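Written below as structure tokens is the structure these notes are about.
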Number of protein chains: 2
Amino acid sequence: MNAFTQKPGRRDAQRDATRARILETARDHFERHGFEAANVRAIAADAGVAAGTVLLHFADKRDLLHAALFDDLAATAAEAVRDDEPGTLEQRIHRLGAAFFAYYARRPTLSKTLLREALFADPPWQARFTEQVAAVHGRVVALFNAARAQGEVADDADAALFGVAFFSFYYFALIAWVQGAHPSPVALLDRLVAQHLCGLRPAANVRRAR
Amino acid sequence: MNAFTQKPGRRDAQRDATRARILETARDHFERHGFEAANVRAIAADAGVAAGTVLLHFADKRDLLHAALFDDLAATAAEAVRDDEPGTLEQRIHRLGAAFFAYYARRPTLSKTLLREALFADPPWQARFTEQVAAVHGRVVALFNAARAQGEVADDADAALFGVAFFSFYYFALIAWVQGAHPSPVALLDRLVAQHLCGLRPAANVRRAR
DNA sequence: GCTTTTGAGTGAACGCGTTCACTGAACGTG
DNA sequence: CACGTTCAGTGAACGCGTTCACTCAAAAGC
């Protein structure tokens, strides 16, 4: 072992390769069969390891799901937050929501499970989701403040609380969608945000949502 | 068998008694140990039947949970909707939310599971929850219209959409509470409703939430 | 009263997620 | 190079929810 580079070592390399193989196989199985129908033994067999090996690398089946899909969600979040196209607050909020809805729409078999796991995650995944929610919340607050600078919303409006309201609407729309109660989560989000913003406009510029 | 009364018959009576015994035992086990930790074999043993009998009366373990606790939720909902004490729209909405929060607070061990099952229920329970949500939604709309008659909210405000916003806030506050992110769901609900109502007031009577 | 049908109740067996005592190859040390 | 140590990987075993061929007493038909 030299002082410059921490040599990976055959053992570490093997372990990382095994872990990656399991993860890739798991992603495939989950997206094909859904969460409940996916079989840990089958994933292990396809990845060329014993059943026990899967649970050596991941705490349990749900942990495997999180590990397999969290990266994608993080990438979606990073991209959505990076969006800097101009527009009204409503338009920018719309695009933010639409990016996340697209993430779920891409995985129809898994979206119900994904949403459930996102909302009701246990540690350590709970902390990671909270962190990501905080990042998006921060973005919403930033968009709100930018709109305030443009005179789009009132000076005394509570930006942080608006961010919370946004998440309420976002999650409610998602739940309604996965439960089949509403065909278009984006449309529902737009309407709710529009009604909420009614009272947050400058006094001179009030427009009501019907 | 006479034409007037459908005689229960020993068999029917036995079956109903068995079902009731299982349900009572299940309720006890669920509230004591939580959903995952509760054991179907143990419930069966305590109810004095074989394991298979439990799943003869209920489709699966989750179905048993629903059957064991749905009545309580329905009673809570019925009582909350019946409340006719006077007050401002915000006060009445507050009481409505508080009644449901109290239902969950009464079952700290189960509340996370209960909420998850309420939001992501599968048929046939999904239909029953939808029905109950619709009833409460109707009540919110009625409260909103009553407030409108009092001149508390604008004539052209969308009452149905306000009802949807209420549920968004209600569920978000509940989720935040069971996940430990917010200590008081009622306070969060109040603040969100107050901000939402900003823009729905008559033009002459605008007050902003900070 | 005797026979047939019905359906509540049974429990061994199955598939699944998960555990853990064990194996052996890679690694550090003299 | 020989030795003990570490740790990725194993697979039989466990507990659980769930299934289903079976039992037998109650109801229905004769």
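Order of the sequence lines fixes the chain letters, A, B, ..., with proteins taken first and strands second; residue numbering starts at 1 for each chain. Note that these values count all heavy atoms, side chains included, but never hydrogens, waters or copies made by symmetry. Please read all numbers here as calculations on a predicted model, not as lab measurements.
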Give a yes/no on whether any side-chain N or O of [X] is located under 4.0 angstrom from OP1 or OP2 of [N].
X	N	answer
B:Thr53	C:dA8	no
A:Asn39	C:dG15	no
A:Arg11	D:dA8	no
B:Thr18	C:dA8	no

Please state how far atom [atom1] in [X] lies from atom [atom2] in [N], giving the value in whole angstrom units.
X	N	atom1	atom2	answer
B:Ile22	C:dT10	CD1	C1'	12 Å
A:Asp60	C:dC16	CG	C1'	14 Å
A:Leu55	C:dT18	CG	P	6 Å
B:Leu56	C:dG7	CG	C1'	9 Å
B:Phe58	D:dT19	CZ	P	15 Å
B:Glu36	D:dG17	CD	C1'	13 Å
B:Asp12	C:dG9	CG	P	11 Å

*Answer with yes or no after comparing the ring centroid distance for B:Tyr170 and B:Phe101 against a 6.0 Å cut-off, counting only values under it.*
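Yes - the distance between ring centres of B:Tyr170 and B:Phe101 falls below the 6.0 Å cut-off.
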
*Would you confirm whether the ring centroid of A:Phe172 sits within less than 6.0 angstrom of the ring centroid of B:Phe169?*
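That pair fails the under 6.0 Å test.
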
*Within 45 degrees of the axis of the six-membered ring of B:Tyr103 and under 6.0 Å from its centre: does B:Arg107 put its NZ or CZ there?*
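Yes; both conditions hold, so B:Arg107 lies above the ring face of B:Tyr103.
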
*Got a donor-acceptor pair under 3.5 Å from the side chain of B:Arg41 to the base of D:dG15?*
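Check fails, no donor-acceptor contact within cut-off.
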
_Applying a 4.0 Å non-hydrogen cut-off, can you work out what A:Ala38 is touching in the nucleic acid: base, sugar-phosphate, or nothing?_
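The residue A:Ala38 makes sugar-phosphate contact but no base contact.
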
_Applying a 4.0 Å non-hydrogen cut-off, can you work out what B:Ala37 is touching in the nucleic acid: base, sugar-phosphate, or nothing?_
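It contacts nothing in the nucleic acid.
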
*Spacing of OG1 belonging to A:Thr25 relative to CG belonging to A:Asp46, to within rounding of 0.5 Å*: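 Separation between the atoms: 6.0 Å.
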
*asked:* Nearest to the side chain of B:Lys61, heavy atoms from C-beta on, is which of D:dA27, C:dT19, D:dT18?
replied: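 So the side chain of B:Lys61 is nearest to D:dT18.
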
